[in-house]
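Data first, discussion second: the structure below is written as structure tokens.
So you know, we letter chains A, B, ... as the sequences are listed, proteins then strands, and number each from 1.
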Protein chains: 2
Amino acid sequence: MHRLQAKRIRFRPKKHRSPDGLPTDICLFTILSVPRPTKTRSLPHKQLAVLLIERKSDTYGQQWALPGGFSKESETLDECAYRELKEETNIDRNVHIEQLKTYYKPGRDPRGWIPSVAYVSLVHEDLLKHARAADDASDARLFPIEEAFALDLAFDHREILTDALQRVREKMLQTNIAKAFLPDEFTLSELLQVIETVVPSFKVSDRGNFERRLLATTRRQGILEAVVDADGKPVYSTEYSNSPAKLYRFTDYTPTAMIY
Amino acid sequence: MHRLQAKRIRFRPKKHRSPDGLPTDICLFTILSVPRPTKTRSLPHKQLAVLLIERKSDTYGQQWALPGGFSKESETLDECAYRELKEETNIDRNVHIEQLKTYYKPGRDPRGWIPSVAYVSLVHEDLLKHARAADDASDARLFPIEEAFALDLAFDHREILTDALQRVREKMLQTNIAKAFLPDEFTLSELLQVIETVVPSFKVSDRGNFERRLLATTRRQGILEAVVDADGKPVYSTEYSNSPAKLYRFTDYTPTAMIY
DNA sequence: ATAATAGTGTCTCTTAGACAGTATGAT
DNA sequence: ATCATACTGTCTAAGAGACACTATTAT
């Protein structure tokens, strides 16, 4: 067996250029609650929102862009994303973060050879409230996604945002990331609302059937379980309705969604 | 690292270092068929294999590694991956390729600040046969995955390979990427074999039930459809058995696997 | 009473899962 | 006859989907 040694390069010859930086950019999604003025207690209206910052550079005039920043040699990409998150929102870890994809094509950044490692982060609204309070002079703002897409975003951030949204929608149906937008204990309506807010096409005709599908049966484990008190009685909440609503939580069991 | 000072680039502020390169590394999976010496026609034994190349550098002695190479400013990351694929296997496009994740942690590459954009590629065995024939003096070899994991792989390639395998297993159950390892028309046994080869834990007790689950019913679309001739009669194959086996193909319909 | 939400029960028809059996054709 | 694979049919019980109805309590 002969080897083609010439092909493997040990050290990069000096004549080669290398990237001018490797930033991470973050698509931070949250769900905003807007209380509705109804006659009796009701569920707030919810909308999916994304965090954008206003760029005030010469390069990309007054455009909105995904928050992000250059990674350092001494940190991992995850650490960089967390650092940016902290700088921008004052959120310190303990939030869902995942790497989406790395973007590069010639000319994507007028400043040079700068690929971008995109991240997706899902954050509960409450965490951001605290964060924003702490730094209201920020150049960051939450946009409902339709509004965000109506903007002329900097760089290829529209493409990144599109991919990120698709990723979140897929995972919303195939995993239990709905957790990221819910308290530990929640009502069925809240869960339904979260799913429908993220995936508008998701419609459930019958709440009763939906409930049964998620609870354990004889030959199936359950995704949800009812919250019970010391006596084993179900716990109810009247936060969003006069009629007490059963509280549920996610079980340890996460089914592997499969098509076969 | 001092040698790299020379390549300070125009745009970024001089005080900042930037990466020394951004290679793509490819986890190329294929399924090897090993005919079994049986008394009558039979299905070949199949095993999942990954392509590795032998590194002969001072840095990482005689180790095996994922094939890959540095990306250029003038190309996208996908193009770089395709280019590497072509150089290593002579395969020219038309194969499944997808970006997995970008890896970096301080020290992952002793040569410097070199993150790696990992790709996953699924290639049908036949394509590789042609490719290997064309370049037998290659330093590349296919390893059954268990053997690959038994090796002391260079860099963090074991971690990458682990993630890649997990990704392929997930998608094997949640999408129809089994396509990548199958001809257009195939028997149920072949499909089952592919799934079981990639996901060993996937077991089907009853072939008849498996078949019914994949075909269209009154209130469900089908993942598969039987191949029929001009008269509407099913087409059979005796390639792997004396008993004629119905041929199937994937339909356009790909269900969205969901847990709710 | 009504508003907005939550909950229960029941009926039917699909279909998953299990089981049992036959078929093919080369050796 | 046997081997390795493929196909067919039936039975049962589970559960999805549809429908109809009641409950809660502030206003």
In Å and rounded to the nearest 0.5 Å, what is the OG to CD distance from Ser121(A) to Glu84(A)?
->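 Here the rounded value is 12.5 Å.
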
Rounded to whole angstroms, how far apart are [atom1] on [X] and [atom2] on [N]?
X: Glu239(A); N: dA26(D); atom1: CD; atom2: C1'; answer: 16 Å
X: His45(A); N: dT5(C); atom1: NE2; atom2: P; answer: 12 Å
X: Lys39(A); N: dT2(C); atom1: NZ; atom2: P; answer: 11 Å
X: Tyr236(B); N: dT24(C); atom1: OH; atom2: C1'; answer: 12 Å
X: Tyr240(A); N: dT5(C); atom1: OH; atom2: C1'; answer: 13 Å

Give me the ring orientation class for Phe143(A) and Trp64(A): parallel if the planes are under 30° apart, tilted from 30 to 60°, perpendicular past 60°.
->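 Rings of Phe143(A) and Trp64(A): perpendicular, over 60°.
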
Does the side chain of [X] come under 3.5 Å of the side chain of [Y] through a donor N or O and an acceptor N or O?
X: Thr251(B); Y: Gln221(B); value: no
X: Tyr103(A); Y: Asp163(A); value: yes
X: Gln47(A); Y: His45(A); value: no

Does any residue of residues 242-260 of chain A have a heavy atom under 4.0 Å from DNA chain C, and if so, which ones, in number order?
->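 Contacts with DNA chain C under 4.0 Å: Ser243(A), Pro244(A), Ala245(A), Lys246(A).
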
Can you sort out which residues in residues 204-232 of chain B have a heavy atom within less than 4.0 Å of DNA chain C? Ascending by number, please.
->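 Contacts with DNA chain C under 4.0 Å: Ser205(B), Asp206(B), Asn209(B), Arg212(B), Arg213(B), Thr217(B), Thr218(B), Arg219(B), Arg220(B).
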
Please indicate whether Asp229(B) has more than 12 foreign heavy atoms, meaning atoms of other residues, nucleotides or ligands, lying under 6.0 Å from its CG.
->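 Yes, enclosed.
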
Which nucleotide in the list dA4(C), dC7(D), dT5(D) gets nearest to the side chain of Thr40(A)?
->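 Ranking dA4(C), dC7(D), dT5(D) by closest atom to the Thr40(A) side chain puts dA4(C) first.
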
When we call it a touch if two heavy atoms are under 4.0 Å apart, what does Leu43(A) touch: a base, just sugar-phosphate, or nothing?
->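 Sugar-phosphate only.
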
Under the side chain to side chain contact (heavy atoms under 4.5 Å, CB included) test, which residues partner Ala226(A), sequence neighbours left out?
->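 Expected list: Tyr248(A).
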
Looking only at atom types and distance, does a side-chain atom of Glu211(B) sit under 3.5 Å from a main-chain N or O of Leu188(B), one as donor and one as acceptor?
->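 Here the side-chain-to-backbone pair does not exist.
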
